[in-house]
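Input: a single structure, listed below in structure tokens.
Throughout, residue positions are numbered sequentially from 1 according to the sequence presented. Atoms within each ligand, like the ligands themselves, are counted from 1 in listed order. Note that the structure is a prediction, hence the values are computed from the model and not measured.
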Amino acid sequence: AAKLSPEKLLCQLRERLNFQMIEASDGPFNTSEWEAYLPRRNISMELGQLGQCAVVSSAGSMKFSRLGPEIDNHEAVLRFNGAPTRGFQADVGGKTTIRLINSQLLTVEEQKVITDPQYNTGTLIVWDPAPYHADIHEWYRKPDYNFFSSYKKYRNRQPEQPFYILNPYMQWQLWDILQENSPEDIQPNPPSSGMLGIVIMMHLCDKVDVYEFLPSKRQTDICHYFQKFFDQACTMGAYHPLLFEKNMVKHLNQGTDEDIYTHGKVTLNGLRNVQC
Ligand code: NCC
């Protein structure tokens with residue numbers, strides 16, 4: 001596969017990814033029952049056009065980074081799954097505008113997600129690994145994790161908090177672009193929450209600084225900055241095509257290699273302003 005220029009690649013992301021969240025008019029969700037649960041306002045209206053945004057990976061190398069103040073200086077900050085800020089503010093900041101969680105977390109740790117106040121800040125988005133290019137009905141019948149009842153329980157507890165379900169198409173549209181731009185066959189599993197969060201922020205923001213997705217000199221085998229758990233697969237990937245995601249993000253980086261090495265920082269252009 002011939003590698004596209006960064007400009008062409010941005011156009012592919014802009015033109016081929018469907019950034020919509022599930023709405024009450026979508027397929028199996030167009031029942032009066034679901035209408036009561038799905039947020040009424042779409043996410044772009046909810047958040048507005050954002051300027052400088054930050055994406056904070058959960059990598060162990062965030063620890064001792066002292067990036068907290070720089071991260072909090074962004075207009076909006078996206079975090080993943082159970083990644084905490086409390087107790088780690090100096091390294092990861094305290095602001096959470098969007099939290100992107102996977103359906104496994106919402107289902108398997110339902111009680112924790114519903115009761116832990118850290119999930120109540122900002123806008124939540126949940127995504128679920130769908131079958132390859134399955135349509136929304138097929139996915140609805142056979143989600144990877146049946147998170148729908150947990151979603152409803154959460155909504156009953158926090159009806160005022162915006163909480164979206166990512167449409168199931170986007171992950172495979174993104175996977176196709178990753179595959180087309182990779183020299184090898186990549187595993188047919190959806191992109192990581194990290195990569196999905198990065199493109200969501202590229203859609204919503206003018207500029208996106210991503211922290212410790214491309215590892216800095218602080219990289220070790222520590223999986224998360226908030227846990228003592230060692231596994232190289234966290235950084236290199238096993239289920240998710242993480243290595244290929246990281247190559248693509250490196251290709252799109254507008255910042256310097258020095259910024260990656262010292263801060264684990266990559267700067268990406270938002271998709272709104274690209275000329276295709
Ligand atoms: O670990 P996880 O990922 O929540 O991390 C969020 C994103 O940060 C980036 N990351 C993380 C660690 C690391 N050392 N390097 C990194 O680059 C990745 O981009 C990652 O996506 C997920 O993607 O949803 C994932 O979720 C966990 C787990 O389900 C949740 O943390 C909830 O407990 C998965 N781990 C397991 O299932 C054991 C992980 O594979 C993917």
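Protein heavy atoms come within 4.0 Å of atom 16 (C) of ligand 1. For atom 23 (O) of ligand 1, the nearest protein heavy atom lies under 4.0 Å away. There is no protein heavy atom closer than 4.0 angstrom to atom 34 (C) of ligand 1. Contact annotation for atom 13 (C) of ligand 1: protein present (non-hydrogen atoms, distance under 4.0 Å).
Taking OG1 of Thr96 as the start and CD1 of Ile71 as the end, the distance is 10.5 Å to the nearest 0.5 Å. Atom CH2 of Trp34 is separated from atom CG of Asp26 by 11.5 Å, given to the nearest 0.5 angstrom. For the atom pair Asn247 CG and Lys3 NZ, the distance stands at 6.5 Å (nearest 0.5 Å). With values rounded to the nearest 0.5 angstrom, Lys265 atom NZ is found 13.5 Å from Leu214 atom CG. Rounding to the nearest 0.5 Å places CE of Met21 at 8.0 Å from OG of Ser44.
Considering both main-chain and side-chain atoms, Leu242 never comes within under 3.5 Å of ligand 1 through any nitrogen or oxygen pair. Any N or O atom pair closer than 3.5 Å counts here, and Gly60 shares no such pair with ligand 1. Polar contact with ligand 1: present for Gly194 (N/O pair, distance under 3.5 Å). Polar contact with ligand 1: present for His224 (N/O pair, distance under 3.5 Å).
Looking only at heavy atoms of the protein, atom 37 (O) of ligand 1 is closest to Gln104 OE1, 3.4 Å. In terms of protein heavy-atom proximity, atom 4 (O) of ligand 1 is closest to Asn81 ND2, 2.7 Å.
At a heavy-atom distance under 4.0 Å, only side-chain atoms of Asn102, from C-beta outward, approach ligand 1.
Atoms of ligand 1 found under 4.0 Å from any heavy atom of Lys246, numbered from 1 in the order shown, are 15 (N), 16 (C), 17 (O). Those atoms of ligand 1 with a heavy atom of Phe80 less than 4.0 angstrom away are 6 (C). The ligand atoms of ligand 1 that sit less than 4.0 angstrom from a heavy atom of Phe213 are 17 (O), 19 (O). The distance from ligand 1 to the heavy atoms of Ser193 drops below 4.0 Å at these ligand atoms: 21 (O), 22 (C), 23 (O), 24 (O). Heavy-atom proximity to Ser58, at under 4.0 Å, picks out these atoms of ligand 1: 5 (O), 6 (C), 8 (O).
Between the side chain of Arg14 and the main chain of Leu271, a donor-acceptor pair closer than 3.5 Å is present. Remark: the backbone N or O of Asn269 is not paired with any side-chain donor or acceptor of Gln254 at under 3.5 angstrom.
For atom 19 (O) of ligand 1, the nearest non-hydrogen atom from the set Ser192, Gly82, Ala83 belongs to Ser192.
Under the 4.5 Å side-chain criterion, counting only non-hydrogen atoms from C-beta, Asp91 is in contact with Ser65.
Relative orientation of the Phe19 and His203 rings is parallel, given thresholds of 30° and 60° on the angle between their planes.
In this structure, Arg99 satisfies the cation-pi test against Tyr119, with its NZ or CZ atom closer than 6.0 Å to the six-membered ring centre and inside 45 degrees of the ring normal.
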